[in-house]
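Have a look at the structure below before the remarks.
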Number of protein chains: 2
Amino acid sequence: MEAATQAFDGADKIRRAAADLFGERGFDAVSIAHIAERAGSSKANIFHHFGSKEALYFAVLREAVDRSTDHFRDAMRAELDPSQRVERAIRGSLTVLFEDPERARLIFREIMESGPCRAEALANEVFGDDFTALTRLFADIQPAGETEGAVPPSFLAHVLLSCNVMLFHCHQVLRHLPGGEYAEQQEHYIKMLSDVLLSSMRAKQETNA
Amino acid sequence: MEAATQAFDGADKIRRAAADLFGERGFDAVSIAHIAERAGSSKANIFHHFGSKEALYFAVLREAVDRSTDHFRDAMRAELDPSQRVERAIRGSLTVLFEDPERARLIFREIMESGPCRAEALANEVFGDDFTALTRLFADIQPAGETEGAVPPSFLAHVLLSCNVMLFHCHQVLRHLPGGEYAEQQEHYIKMLSDVLLSSMRAKQETNA
DNA sequence: AATGCCGCTGACCAATCGATCAGTCAGCTT
DNA sequence: AAGCTGACTGATCGATTGGTCAGCGGCATT
């Protein structure tokens, strides 16, 4: 029978140590020796389990991605009125980011670094589902019949995710900016972003100069 | 008399090569030997001019920051009607990013990596001016008297910068997302983001559930 | 012509990198 | 007890890392 502490493999401890270090400092700044030390293991054992540094990195990345999508989908299942659903979506996405910062940084670094080759795979396998779910949420909320000149739902998803990701990565800088107090008042931030998104859905005024 | 080709120092060529490589791959993934090779110089010469790898990195970073702020301030000096000024600001910020991608990536990486210690310095010396200028633009545009329950200008600046930075870093991924065609149609993107920002400035409807 | 300075180089250094190796040990099967 | 398997280790590999150093050649000054 397994122990009550979830039965930590040696391989699991290595994966966790690697996830922390890769998330903090990136692929190149972390050495196998560091990971082995943090995991309480030996260098050779890492190669025994994962074969190469790159393979370990991909294993860690894939696990991070899988857990991330699970979290996100749970966060926006409710069927409430529009403003509550939007706030829920913002809060959910924010939670995914701040609950496991190393994982979030790991994934974003991968996006930044990925050339055109890996980008398509990342879009399909990693972010496609989340983005589609968010897009559908905005499409559902939008007042029927006003979809003509309005901002498309997928772009509202872009706005939501962009603001959250920026807040996550830069909040240490943002809070020192003039008028950047919102970076430390999460509820206030959610309210403001929700206002922006909702108001740009109803608008149907003169859209052209 | 200097040559017509701007008189490239050996030191200048090193700086340029380093800026390219650091921007592409980050600090740790780039070696002095790589930089020397790309610059057509020798390893030892780099240490002769800059003393250490870290010093070279900071020199490159500081130069990138200085040039970036200059570009941005020019981009939004005009005094047109609100929608045109907003579009101008979006386009200006976008130009800063895409005109010199290595520089932009260099700076953003520094923001991501910087702990609380360096974050305040970065906020004051690097982004403070741009952010303040953008904030003032939105404050000017906002209809007088409606500043009560409205979204504050500094948050609109956050939205603008977030969306642009996200588009810049992730556009290879975004264009493969369902509904992500806007990532490749810059004018369309500007129009949509402008709509979002403008409509959330006029809104004064029921702001609470 | 001798001087000092400066941009620059090849050879070299200790340290560390990712990776491989032979080999130890515990547990399972027969 | 014999045999096998898989987790694990210390020693070690060649390559590469950031960094040092003595010295070269051109150029201006004296």
Side-chain angles (χ1 to χ4, degrees), chain A residues 1-63 102 106 109-110 113-114 118, chain B residues 1-63 102 106 109-110 113-114 118:
Chain A
M1 65 186 77
E2 297 110 28
T5 54
Q6 187 75 21
F8 284 155
D9 268 328
D12 245 3
K13 282 176 73 171
I14 292 172
R15 233 188 307 262
R16 285 160 174 268
D20 287 350
L21 291 172
F22 282 145
E24 282 173 22
R25 303 183 226 171
F27 182 82
D28 292 288
V30 175
S31 72
I32 299 281
H34 287 144
I35 300 172
E37 188 186 8
R38 163 102 57 137
S41 179
S42 69
K43 280 174 56 180
N45 193 31
I46 293 181
F47 288 97
H48 170 68
H49 280 294
F50 298 95
S52 75
K53 189 187 180 185
E54 235 193 358
L56 169 60
Y57 177 72
F58 285 138
V60 164
L61 187 66
R62 182 162 299 268
E63 191 204 17
E102 291 79 23
L106 194 68
R109 229 188 290 257
E110 185 62 23
E113 240 90 318
S114 72
R118 267 185 300 176
Chain B
M1 63 184 80
E2 296 111 29
T5 53
Q6 187 73 19
F8 284 155
D9 269 329
D12 245 2
K13 282 176 74 172
I14 292 172
R15 232 188 307 264
R16 286 161 174 267
D20 288 350
L21 291 172
F22 282 145
E24 280 175 24
R25 301 183 226 172
F27 182 82
D28 292 288
V30 175
S31 72
I32 301 282
H34 286 145
I35 300 173
E37 188 187 9
R38 164 101 59 135
S41 180
S42 67
K43 276 175 57 178
N45 194 30
I46 294 180
F47 289 96
H48 171 69
H49 281 294
F50 297 95
S52 75
K53 188 188 180 186
E54 235 194 356
L56 170 60
Y57 178 72
F58 284 136
V60 165
L61 187 66
R62 182 162 300 269
E63 192 204 17
E102 293 79 22
L106 195 68
R109 230 188 287 257
E110 185 62 22
E113 240 90 319
S114 73
R118 266 185 300 177

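In the text below, chain A, chain B and the rest are named by the order of the sequence lines, each starting its count at 1.
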I need the [atom1]-[atom2] distance between [X] and [N], as an integer number of Å.
X: B/Phe47; N: C/dC13; atom1: CZ; atom2: C1'; answer: 12 Å
X: B/Ile32; N: C/dC12; atom1: CD1; atom2: P; answer: 21 Å
X: A/Ile35; N: C/dA19; atom1: CD1; atom2: P; answer: 11 Å
X: A/Tyr57; N: C/dC17; atom1: OH; atom2: P; answer: 18 Å
X: A/His48; N: C/dG23; atom1: NE2; atom2: P; answer: 18 Å
X: A/Asn45; N: C/dC25; atom1: CG; atom2: C1'; answer: 13 Å

Measuring from atom [atom1] of [X] to atom [atom2] of [Y], what distance do you get when rounded to the nearest 0.5 angstrom?
X: B/His34; Y: B/Lys43; atom1: NE2; atom2: NZ; result: 11.0 Å
X: A/Asp20; Y: A/Arg38; atom1: CG; atom2: CZ; result: 5.0 Å
X: B/Ser42; Y: B/Ile14; atom1: OG; atom2: CD1; result: 7.5 Å
X: B/Asn45; Y: B/His49; atom1: CG; atom2: NE2; result: 4.0 Å

> Taking 5' to 3' order, which nucleotide of DNA chain D is first and which is last to have an atom within less than 4.0 Å of a heavy atom in chain A?
Replying inline: D/dA7 to D/dG10
>> Between B/Ala11 and A/Lys53, which residue's closest nucleotide on DNA chain C lies nearer the 5′ terminus?
In response: B/Ala11
>> Please verify the inter-ring angle class for B/Phe22 with B/Tyr57; under 30° counts as parallel, over 60° as perpendicular, anything in between as tilted.
In response: perpendicular
> Within a strict 4.5 Å, meaning less than it, do heavy atoms of the B/Phe27 and B/Arg109 side chains meet?
Replying inline: no
> Hey, is the side chain of B/Ser41 poking within less than 4.0 Å of OP1 or OP2 on C/dT9, counting only N and O atoms?
Replying inline: yes
>> Taking only side-chain N and O atoms of A/Ser31, does any of them lie within less than 4.0 angstrom of OP1 or OP2 on C/dC17?
In response: yes
>> Let me spell it out: for each of A/Ile46 and A/Lys43, pick the nucleotide of DNA chain D with the closest heavy atom. Which residue's pick is nearer the 5' end?
In response: A/Ile46
